[in-house]
Amino acid sequence: MKTLLITGATDGIGLLTATKLAQSGHRVLLHGRSAEKLDAAQRAVRDAAPHADVDVYRADLSRLADVAALADAINRDLTSLDVLINNAGVFNTPQAEVDGLDVRFTVNTVAPYLLAKRLLTPLGSTGRIVNLSSAAQAPVDLQALAGRERARDDFDAYAQSKLALTMWTRALADELGDDGPVVVAVNPGSLLGTKMVKNAFGSDGGDVNIGADILVRAALSDEFAHSTGLYFDNDAGHFAPPHADGIDGQKCAAVVDAIEAVLAEH
């Protein structure tokens with residue numbers, strides 16, 4: 001039995017992934033922003049897997065103090081964590097800015113980085129960090145990441161934030177080497193039928209199982225055991241190069257430096 005933390009686990013890919021993992025006998029830790037939605041998600045997972053060990057953690061990932069508190073709670077409650085799945089993501093939102101930062105960069109890029117760094121001890125050298133990337137990737141404006149400029153629109157902010165996530169995945173993997181967990185970025189599949197896709201594009205989208213199944217594979221299978229720093233494109237069905245900036249060591253390091261500057265300021 002493994003213990004897995006899934007952010008954004010109250011609906012969509014996150015909830016379905018948690019359910020599949022619980023049905024396989026694993027302990028799942030569900031993260032969400034709403035206490036009501038967390039309670040409902042916990043009930044749904046337990047209904048699908050009556051004997052599962054299911055715990056919940058509430059935090060607003062648009063607020064970095066909440067992210068730090070979430071990491072502190074996990075570190076307090078657990079001595080070891082097998083897998084962190086950074087699934088939570090934002091495309092468009094009524095409140096595009098929180099604490100002077102673009103919410104897309106905060107939730108999609110900076111929060112998962114902070115959570116991963118704070119949980120390196122319980123993850124150890126045998127754990128895994130699975131970061132949900134996207135086929136939508138655009139060159140990162142470091143000033144926009146830092147909240148000093150605005151991205152052109154929702155899609156631009158989202159695509160930049162997902163490439164930035166993919167870039168720090170590679171940089172962290174290079175930094176940790178064999179001493180840290182596997183760190184891998186995964187595009188779960190384009191335009192799957194999640195709430196985010198429906199709200200953003202007005203489309204029912206594809207089968208969410210496509211995304212959940214690849215996350216389960218990334219979390220547990222031997223296929224991903226030596227994939228640290230890589231990008232898995234589930235649209236293609238195999239590991240593939242991300243956007244060219246995602247394999248540029250200097251640019252990846254610059255993204256990490258920008259994220260660390262944001263954390264130092266906030």
Side-chain angles (χ1 to χ4, degrees), residues 8 61-62 64 67 86-93 95-117 129-176 183-192 194 196-197 199-201 211 227-236 238-266:
L61 300 189
S62 70
L64 294 176
V67 181
N86 280 313
N87 165 75
V90 174
F91 183 93
N92 55 1
T93 173
Q95 188 177 6
E97 185 177 298
V98 174
D99 296 337
L101 298 170
D102 187 304
V103 169
R104 275 68 59 97
F105 280 109
T106 304
V107 175
N108 301 347
T109 307
V110 182
Y113 175 87
L114 177 57
L115 197 56
K117 291 284 281 189
I129 299 169
V130 179
N131 291 329
L132 255 74
S133 183
S134 171
Q137 299 177 16
V140 181
D141 180 344
L142 299 180
Q143 295 300 306
L145 190 158
R148 298 188 182 96
E149 294 180 4
R150 290 185 177 274
R152 290 173 297 179
D153 52 41
D154 289 335
F155 185 85
D156 185 45
Y158 179 81
Q160 287 191 46
S161 70
K162 287 299 186 178
L163 179 56
L165 173 73
T166 306
M167 293 171 79
W168 78 244
T169 297
R170 184 181 182 89
L172 183 60
D174 287 345
E175 175 191 338
L176 297 174
V183 192
V184 63
V186 176
N187 164 31
S190 295
L191 297 178
L192 302 181
T194 63
M196 184 173 70
V197 166
N199 290 343
F201 299 102
S227 63
T228 195
L230 300 183
Y231 168 73
F232 189 94
D233 182 1
N234 204 32
D235 290 331
H238 53 72
F239 291 99
H243 185 284
D245 287 359
I247 54 176
D248 184 313
Q250 288 187 324
K251 289 184 177 180
C252 291
V255 164
V256 170
D257 287 345
I259 294 171
E260 288 285 1
V262 167
L263 294 174
E265 293 172 7
H266 293 81

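Just the heavy atoms: all of them, side chains too, but no hydrogens, waters or symmetry mates, feed the values below.
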Legend entry - pair L101-V110: side-chain heavy atoms closer than 4.5 Å: no
Legend entry - Partners meeting side chain to side chain donor-acceptor pair (under 3.5 Å) with S62 (sequence neighbours left out): D60
Inset, instruction - Among V262, L163, I259, find the residue that satisfies the side-chain contact (heavy atoms from CB on, under 4.5 Å) test when tested with T109. - result: I259
Legend entry - With D102 via side chain to side chain contact (heavy atoms under 4.5 Å, CB included) - residues at least two apart: R104, F105, A157
Legend entry - Sequence-distant partners of S133, side chain to side chain donor-acceptor pair (under 3.5 Å), two or more places apart: T166
Legend entry - Distance, nearest 0.5 Å, that separates OG of S227 from CZ of F232: 9.5 Å
Inset, instruction - Just jot down the salt bridge (charged side-chain N to carboxylate O under 4.0 Å, His left out) partners of E149, sequence neighbours excluded, or say none. - result: none
Inset, instruction - Would you please name every residue forming a side chain to side chain contact (heavy atoms under 4.5 Å, CB included) with R148, sequence neighbours left out? - result: Q143, A146, E265
Legend entry - Set of side chain to side chain donor-acceptor pair (under 3.5 Å) partners for N87, sequence neighbours left out: none
Legend entry - Spacing of T106 atom OG1 and L145 atom CG [to the nearest 0.5 Å]: 8.5 Å
Legend entry - Closest contact, heavy atoms only, A185 versus T169: N-CG2, 3.6 Å
Legend entry - Polar side-chain atom of N234 near backbone of G189 as donor-acceptor pair, under 3.5 Å: no
Legend entry - Contact list for residues 246-258, test side chain to side chain donor-acceptor pair (under 3.5 Å), sequence neighbours left out: D245-K251
Inset, instruction - Apply side chain to side chain donor-acceptor pair (under 3.5 Å) to N187 and list each qualifying residue two or more places apart in sequence or on a separate chain. - result: D233, D235
Inset, instruction - Measure the shortest side-chain to side-chain distance between L61 and L115 over non-hydrogen atoms and say whether it is less than 4.5 angstrom. - result: no
Legend entry - Ring geometry between F91 and Y158 (parallel below 30°, tilted from 30 to 60°, perpendicular above 60°): tilted
Legend entry - Sidechain-backbone polar pair: H266 side chain, D99 backbone, donor-acceptor under 3.5 Å: yes
Inset, instruction - Check salt bridge (charged side-chain N to carboxylate O under 4.0 Å, His left out) between D141 and all other residues, then give those that pass, not counting sequence neighbours. - result: none
Inset, instruction - Identify, with sequence neighbours excluded, every residue that meets salt bridge (charged side-chain N to carboxylate O under 4.0 Å, His left out) alongside E260. - result: none
Legend entry - Side-chain heavy-atom pair L132, N86 within 4.5 angstrom cut-off: no
Legend entry - Interatomic spacing from OH in Y113 to CE in M167 - rounded to 0.5 Å: 13.5 Å
Legend entry - Minimum side-chain heavy-atom gap L165-N108 below 4.5 Å: no
Legend entry - Distance (rounded to the nearest 0.5 Å) between R170 CZ and L230 CG: 7.5 Å
Legend entry - Heavy-atom closest contact (P188 atom, V186 atom, distance): CD-O, 3.3 Å
Inset, instruction - List for me each residue that meets salt bridge (charged side-chain N to carboxylate O under 4.0 Å, His left out) alongside D174, sequence neighbours excluded, and say none if there are none. - result: none
Legend entry - Flag side-chain contact, heavy atom, 4.5 Å: T228 against L176: no
Legend entry - Residue list, ring pair (Phe, Tyr, Trp, His ring centres under 6.0 Å) with Y231, at least two apart or on another chain: none
